[in-house]
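Only one structure is covered here, and it is reproduced in the block below.
Remember, it's 1-based here, ligands and their atoms both numbered in the order they're listed. None of the values given here were measured: they were computed from a predicted structure.
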Amino acid sequence: MPDPARAICSSAEIQEGGRGVRFEAELKGALRSAFVVRFDGIARAYLNQCAHVPVELDWQPGTFFDNDGLYFVCATHGAMYDPATGACAGGPCRGGGLIPVAVREHDGQIFIDE
Ligand code: FES
């Protein structure tokens, strides 16, 4: 049973290729902006930081996908990322990628993984 204190949102809040939910993730002792979306049916989370310049990706809070729901697009200079892996798929993030955050889905909720 996951720790309820690590719950991010309900499963229903993230729809395939739809809006993401922002949350804070601890990395190396610091709280960092992160987000979770659903893609290919799986909850996937990354730090909310572009690989080009360390700024947040979303156009508006929670808007990470392109219009087709196939790629994340950085709002600043248009870098594109594969939602399945976080790898750069085009634009100025060339060779870079998003930093994954481990999450898991349990009983209708999304949790930061231990
Ligand atoms: S800051 Fe994301 S593409 Fe430049």
Can you check side chain to side chain contact (heavy atoms under 4.5 Å, CB included) on Val73 and Asp66, steps first, answer last?
CA-CA 6 Å; Val73 180; Asp66 63 1; 3.7 Å; yes
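- At a cut-off of 2.8 Å, His52 is counted among the residues with an N, O or S atom near atom 4 (Fe) of ligand 1.
- Using modelled atom types, no side-chain atom of Tyr71 and backbone atom of Cys88 make a donor-acceptor pair closer than 3.5 Å.
- The existence of a salt bridge linking Glu56 and Arg32 is excluded, since no basic side-chain nitrogen approaches an acidic carboxylate oxygen closer than 4.0 Å.
- Each of the atoms 1 (S) of ligand 1 lies under 4.0 Å from some heavy atom of Thr76.
- Within His77, the N/O/S atom positioned nearest atom 4 (Fe) of ligand 1 carries the name ND1.
- Distances from ligand 1 to the non-hydrogen atoms of Pro92 include at least one value under 4.0 Å.
- Residue Val53 approaches ligand 1 through these ligand atoms, each under 4.0 Å from one of its heavy atoms: 1 (S).
- Close contacts of ligand 1 with Val55, meaning ligand atoms under 4.0 Å from a residue heavy atom, involve 1 (S).
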Test side chain to side chain contact (heavy atoms under 4.5 Å, CB included) on Tyr81 and Phe64; report intermediate values, then the result.
CA-CA 10 Å; Tyr81 296 94; Phe64 297 95; over 6 Å; no
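- When atom types are taken as modelled, the side chain of Arg104 and the backbone of Ala43 share no donor-acceptor pair closer than 3.5 angstrom.
- Residue contact annotation: Cys74 places no N/O/S atom under 2.8 Å from atom 4 (Fe) of ligand 1.
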Working for side chain to side chain contact (heavy atoms under 4.5 Å, CB included), residues Met80 and Phe72:
CA-CA 5 Å; Met80 298 176 69; Phe72 299 139; over 6 Å; no
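- Below 4.0 Å from some heavy atom of Ala79 lie the following atoms of ligand 1, by number and element: 3 (S).
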